[in-house]
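Worksheet for the structure shown next.
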Protein chains: 2
Amino acid sequence: MGRWEPNARGRLEQAALELYVERGYEQTPVAEITKRAGLTERTFFRHFADKREVLFAGSSMLEELCADAVAAAPATAAPMTAVAAALDAAAGVFEERGDLVGLRQSVIDANAELRERELIKLASLSGALADALRERGVDELGAWLTAEAAIAVLKVGFRRWIDGDRERPLRPLLAECFDVLRTASAQGAVGAG
Amino acid sequence: MGRWEPNARGRLEQAALELYVERGYEQTPVAEITKRAGLTERTFFRHFADKREVLFAGSSMLEELCADAVAAAPATAAPMTAVAAALDAAAGVFEERGDLVGLRQSVIDANAELRERELIKLASLSGALADALRERGVDELGAWLTAEAAIAVLKVGFRRWIDGDRERPLRPLLAECFDVLRTASAQGAVGAG
DNA sequence: CTACGCGAGGGCAGGCACTGTCATGCGGGG
DNA sequence: CCCCGCATGACAGTGCCTGCCCTCGCGTAG
């Protein structure tokens with residue numbers, strides 16, 4: 001037994017999610033979160049850079065997971081196939097904890113600051129995917145655009161999953177998005193130039 | 001002559017950009033901006049929702065421009081061709097004021113909060129493009145993904161333009177991005193499912 | 001000409017997010 | 001037994017942002 005209860009960080013994450021759900025993000029002062037977690041405000045900001053970040057603790061793990069999946073794809077796989085494998089891996093994580101993910105997303109959707117934070121996390125994920133593709137020898141432009149395309153697919157597919165029946169698997173929705181993107185890209189787009 | 005100097009909003013925008021360039025965004029209190037513009041802090045927040053928004057005054061205009069371009073595309077044009085026309089129109093605006101755009105972007109790139117705001121503006125632009133595509137009769141999924149793909153192209157092409165020689169036209173860079181995206185989408189991507 | 005409302009901005013008080021700094025007490029290593 | 005590191009507490013301070021009320025000049029109705 002230490003001087004303090006263990007897992008301060010986890011307690012803060014849980015208290016924050018609960019309160020954000022109960023009262024909304026804006027109506028929840030940091031002091032309330034730390035009170036519920038049995039800690040002080042100062043400690044909150046030692047664990048999380050700001051009031052938003054507490055909702056995105058798992059994003060770095062997701063990044064690693066996706067980057068590893070890209071690296072693990074067969075050497076013969078096309079770039080788009082490699083990032084599809086990464087989204088496949090990510091989908092597994094989401095599907096495992098559908099309820100938690102849905103709750104968290106409802107909080108994010110309800111607040112502009114949180115949506116901003118979500119977008120920069122997705123941009124960071126895009127960067128990680130692009131890096132992983134470059135490691136595979138993909139050229140700069142191809143890596144960048146393939147990664148951004150994957151994020152587009154993730155955004156749209158994930159949204160349809162969240163807004164629909166969360167018992168349905170996410171993976172087929174992502175596959176459908178890849179298909180639609182391929183079809184749309186194939187037609188036209190020679191206009192700019 | 002009114003009671004106050006005219007164009008308070010414009011003076012705030014200019015003073016803010018100047019100061020953000022001179023000292024950096026974080027090191028510039030709102031009070032400094034209003035001082036330079038000859039106004040009070042309270043007035044700043046009547047014109048702009050927050051300290052970041054003052055840098056993104058033109059984004060709603062850009063949205064309208066792009067949405068109009070999509071609507072104005074020939075009825076026979078494919079969705080991707082229509083959004084390419086929209087980026088074409090946007091590129092024209094950027095190229096006209098390359099210096100200002102470059103200065104503004106250097107400020108944004110230097111600060112995470114501003115990058116977040118930029119991303120949500122791009123997401124909003126994506127939504128506007130998707131709406132315009134739906135107006136053309138494009139189905140939900142196709143509209144969404146085509147719009148997101150266009151934003152991906154804009155992000156990558158714009159970045160290359162900013163980081164390179166800004167005298168070079170932006171449009172060919174965007175066209176190249178569309179090509180690369182089409183090629184990448186055509187290969188593989190059948191993995192998720 | 002007067003009265004009145006409206007619009008743009010000023011002034012002030014206050015809440016809350018976040019930071020710097022120092023204090024505190026448990027655990028482990030010498 | 002001492003000391004040092006580490007996680008947390010305590011507290012003051014800054015800056016962003018808001019709510020509320022006041023001021024003044026202008027246009028307009030009467």
Side-chain angles (χ1 to χ4, degrees), chain A residues 1-57 107-108 110-118 120-121, chain B residues 1-57 107-108 110-118 120-121:
Chain A
M1 282 293 294
R3 180 177 175 192
W4 297 282
E5 296 299 311
N7 195 22
R9 188 185 174 93
R11 269 150 55 212
L12 287 169
E13 286 174 24
Q14 185 178 345
L17 179 58
E18 287 173 9
L19 284 163
Y20 291 170
V21 168
E22 289 171 20
R23 317 187 179 178
Y25 169 82
E26 289 170 40
Q27 279 62 48
T28 305
V30 173
E32 278 305 309
I33 301 170
T34 56
K35 191 171 140 194
R36 181 168 297 198
L39 293 165
T40 65
E41 205 168 336
R42 192 67 188 84
T43 299
F44 180 96
F45 290 107
R46 283 204 185 87
H47 284 281
F48 305 101
D50 56 46
K51 194 186 163 187
R52 294 158 284 279
E53 201 65 16
V54 67
L55 269 181
F56 297 87
V107 172
I108 294 173
N111 180 270
E113 291 180 32
L114 293 174
R115 287 196 301 269
E116 285 188 345
R117 182 56 50 89
E118 182 184 33
I120 212 167
K121 293 298 182 188
Chain B
M1 283 295 294
R3 182 178 173 191
W4 294 283
E5 296 298 313
N7 196 24
R9 189 184 173 91
R11 272 152 49 214
L12 286 170
E13 287 175 22
Q14 186 177 345
L17 179 58
E18 287 173 8
L19 283 163
Y20 291 171
V21 169
E22 289 172 21
R23 317 186 180 180
Y25 169 82
E26 290 169 39
Q27 279 63 48
T28 306
V30 173
E32 278 304 310
I33 301 171
T34 56
K35 192 171 142 194
R36 181 168 297 196
L39 293 163
T40 66
E41 204 170 335
R42 191 68 189 85
T43 300
F44 181 95
F45 290 106
R46 283 207 184 84
H47 284 281
F48 305 101
D50 57 45
K51 194 186 162 189
R52 295 159 283 282
E53 201 65 17
V54 66
L55 269 181
F56 297 88
V107 172
I108 294 173
N111 181 271
E113 291 180 32
L114 294 174
R115 286 196 301 267
E116 284 188 345
R117 182 57 49 88
E118 183 185 32
I120 212 168
K121 294 298 182 186

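Predicted, not measured: the structure shown is a model, and the values here were computed from it. Here is how names work: the chains are called A, B, and so on, in the same order as the sequence lines, proteins then strands, and each is numbered from 1.
- Across every non-hydrogen atom of B:Tyr25 and B:Lys51, the tightest pair is O-NZ, 2.9 Å.
- With C:dA17, D:dC17, D:dG9 as the choices, the nucleotide that has an atom nearest any side-chain atom of A:Thr43 turns out to be D:dG9.
- Counting all heavy atoms, side chain and backbone alike, A:Leu12 lies closest to A:Ala37 at CD2-CB, 3.7 Å.
- Computed from coordinates, the A:Phe48 CZ to C:dT19 P distance equals 14 Å when rounded to whole Å.
- Counting heavy atoms from C-beta on, the side chains of A:Thr34 and A:Thr40 never come closer than 4.5 Å.
- With D:dA10, C:dA8, D:dC17 as the candidates, the nucleotide lying closest to the side chain of B:Glu41 is D:dC17.
- Exactly one of B:Glu116, B:Glu118, B:Arg117 qualifies for a side chain to side chain contact (heavy atoms under 4.5 Å, CB included) with A:Ile120. That residue is B:Glu116.
- Rounded to whole angstrom, the span from the CD atom of A:Glu113 across to the P atom of C:dC16 amounts to 14 Å.
- In this structure, B:His47 does not reach the C:dA8 phosphate: none of its side-chain N or O atoms is under 4.0 Å from OP1 or OP2.
- At D:dT23, none of the side-chain N or O atoms of B:Arg42 fall inside 4.0 Å of OP1 or OP2 (strictly under the cut-off).
- Backbone-only contact: A:Thr28 has heavy atoms under 4.0 Å from sugar-phosphate atoms and none from a base.
- The distance between atom OH of A:Tyr20 and atom C1' of C:dA17, rounded to the nearest whole Å, is 11 Å.
- Counting heavy atoms from C-beta on, the side chains of A:Leu39 and A:Trp4 never come closer than 4.5 Å.
- Atoms CH2 (A:Trp4) and P (C:dG25) sit 10 Å apart, rounded to a whole Å.
- B:Phe44 places its CZ atom 11 Å from the P atom of D:dT18, with the value rounded to the nearest Å.
- Put simply, CG on A:Leu12 is 14 Å from P on D:dA7, counting in whole angstrom units.
- Across all strands shown, A:Ala8 has heavy atoms under 4.0 Å from sugar-phosphate atoms exclusively, and none from any base.
- When the C1' atom of C:dC16 is taken as reference, atom CZ of B:Phe45 falls 14 Å away, rounded to whole Å.
- For A:Arg3 against D:dT8, a side-chain-to-base donor-acceptor contact under 3.5 Å is absent.
- Of the side-chain N and O atoms in A:Thr40, one or more sit less than 4.0 angstrom from OP1 or OP2 of D:dG9.
- Atom pair A:Arg9:CZ and D:dT8:P shows a separation of 11 Å (rounding to whole Å applied).
- Projected onto DNA chain D by closest heavy-atom contact, B:Arg46 and B:Lys51 fall at different nucleotides, the more 5' of which corresponds to B:Lys51.
- Phosphate proximity of C:dC18 to A:Arg52: present, with a side-chain N or O under 4.0 Å from OP1 or OP2.
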